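None of these values were measured; they are calculated from a predicted model.
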Amino acid sequence: MDNPQLSFEQILNATVRMLRTTWNAKVCLFLQKDDQGELCVRAADGLSSKKTSSVKLDPAQGDIGECFSKNKIVETSAFTAFGALSPLIKRHAKKGYKFVLVPVSGETRVLGILFFGPFPNKEKILPREAELRSAGALCAVLSAHWRLYQWMSNFVPQLNHELRTPLTAVQGSIGMVLGGMFGQVGGDVKEMLEMAQKGCERTVRAIEDYINTQNPR
């Protein structure tokens with residue numbers, strides 16, 4: 001893939017679009033817990049991405065908290081309880097209708113929430129729990145791959161800056177000492193410095209090889 005991050009984003013949004021169509025819902029959102037502990041919209045269909053990009057929700061609040069903390073599918077008509085999301089779904093919130101919150105679970109914890117709706121109150125959602133949880137699991141897998149790619153994208157520059165650069169400086173300094181710039185070095189000290197210099201060379205070479213495999217010319 002020429003741009004994996006873009007591809008993961010497109011796939012995740014396409015998945016949310018498919019879920020909205022499959023469930024005949026007006027809105028489908030995938031909200032994921034960020035590094036600050038808040039739920040943010042990771043993918044959306046039925047609402048403008050510009051409007052949802054700044055939405056932050058408390059994962060411990062009301063029906064959202066019940067879904068998130070108890071790993072439980074929740075049906076709710078409390079449309080005003082969704083903080084910054086409430087104004088965006090207001091036009092879809094009608095009397096006699098409900099929204100559905102589905103936990104998106106990883107192996108050990110809930111990672112986020114799928115937000116569907118609206119559905120008529122009389123429509124039975126829970127008998128299709130397995131389908132809903134499978135949809136959540138799909139979003140979890142796609143999101144995990146996306147986050148892994150983002151981590152790797154940040155890791156390679158950090159590897160170059162935080163490790164290769166200082167190691168190169170250490171290697172150069174050792175070379176100056178061995179070259180006699182600060183006086184003659186011999187015996188065990190010289191042997192230890194030569195070992196350290198070779199270790200730096202091997203490590204720098206390994207880092208360069210890794211970076212080149214990640215950024216082929």
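- Nearest heavy atoms, Glu123 versus Lys98: O-NZ, 2.6 Å.
- One hydrophobic cluster holds both Phe116 and Met18 under the rule that ILVMFWY side chains link at heavy-atom gaps under 4.5 Å.
- In this structure, the side chains of Leu39 and Ile113 come closer than 4.5 Å at one or more pairs of heavy atoms.
- Ion pairing between a basic and an acidic side chain is recognised when a charged N comes within 4.0 Å of a carboxylate O; Glu66 and Lys72 show such pairing.
- A salt bridge does not link Glu194 to Lys198: none of the charged nitrogens lies less than 4.0 Å from a carboxylate oxygen.
- Placement of Leu132 and Leu111 in two distinct hydrophobic clusters is found when ILVMFWY residues are connected by side-chain heavy-atom separations under 4.5 Å, directly or transitively.
- Summarising the geometry of Ile174 relative to Gln197, their closest heavy-atom pair is CG2-CB, 3.7 Å, with the distance given to 0.1 Å.
- Cluster annotation: Tyr97 is not connected to Ile89 through the hydrophobic network of ILVMFWY side chains, with a link wherever side-chain heavy atoms come within less than 4.5 Å.
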Walk me through it: do Val100 and Ile73 pass the test side chain to side chain contact (heavy atoms under 4.5 Å, CB included)?
CA-CA 7 Å; Val100 178; Ile73 294 177; 3.9 Å; yes
Walk me through it: do Leu114 and Trp23 pass the test side chain to side chain contact (heavy atoms under 4.5 Å, CB included)?
CA-CA 12 Å; Leu114 273 176; Trp23 286 81; over 6 Å; no
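- For the atom pair CG (Leu47) and OG (Ser53), the distance works out to 11.5 Å, reported to the nearest 0.5 Å.
- Note that the NZ atom of Lys51 and the CG atom of Leu85 stand 12.0 Å from one another [nearest 0.5 Å].
- Paired with Val41 under the rule side-chain contact (heavy atoms from CB on, under 4.5 Å), one option of Val16, Val55, Leu57 passes, and it is Val55.
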Apply ring-ring contact (aromatic ring centres under 6.0 Å, His included) to residues Phe99 and Phe115 and explain how you reach the verdict.
CA-CA 7 Å; Phe99 283 92; Phe115 181 96; 4.9 Å; yes
Walk me through whether Val27 and Asp45 qualify under side chain to side chain contact (heavy atoms under 4.5 Å, CB included).
CA-CA 6 Å; Val27 175; Asp45 197 57; over 6 Å; no
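- Put simply, OG1 on Thr15 and CZ on Phe30 are 10.0 Å apart, with the number rounded to the nearest 0.5 Å.
- Closest approach of Ala25 to Gly117, counting heavy atoms only: CB-O, 3.5 Å.
- More than 12 heavy atoms of other residues, nucleotides or ligands lie within 6.0 Å of NZ in Lys56, so this atom counts as buried by the packing criterion.
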For side chain to side chain contact (heavy atoms under 4.5 Å, CB included), just list the numbers for Gln61 and Phe82, CA-CA rounded to whole Å, side-chain angles, deciding distance to a tenth of an Å, and then say yes or no.
CA-CA 8 Å; Gln61 176 184 337; Phe82 299 119; over 6 Å; no
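- One distance of note links CG of Leu88 with OG of Ser54; it measures 8.0 Å at 0.5 Å rounding.
- For the residue pair Ser105 and Asn71, the shortest heavy atom distance occurs at OG-OD1, 2.9 Å.
- Across all their heavy atoms, Leu29 and Ala44 have their closest contact at CD2-CB, 3.3 Å.
- Note on Leu19 and Leu126: same hydrophobic cluster, where clusters join Ile, Leu, Val, Met, Phe, Trp and Tyr whose side-chain heavy atoms are under 4.5 Å apart, directly or indirectly.
- The closest side-chain heavy-atom distance from Pro118 to Lys94 is not below 4.5 Å.
- The heavy-atom pair separating Glu38 from Pro59 by the smallest distance is CA-CD, 4.2 Å.
- Looking only at side-chain heavy atoms (C-beta outward), Val104 and Gln32 stay at 4.5 Å or farther from each other.
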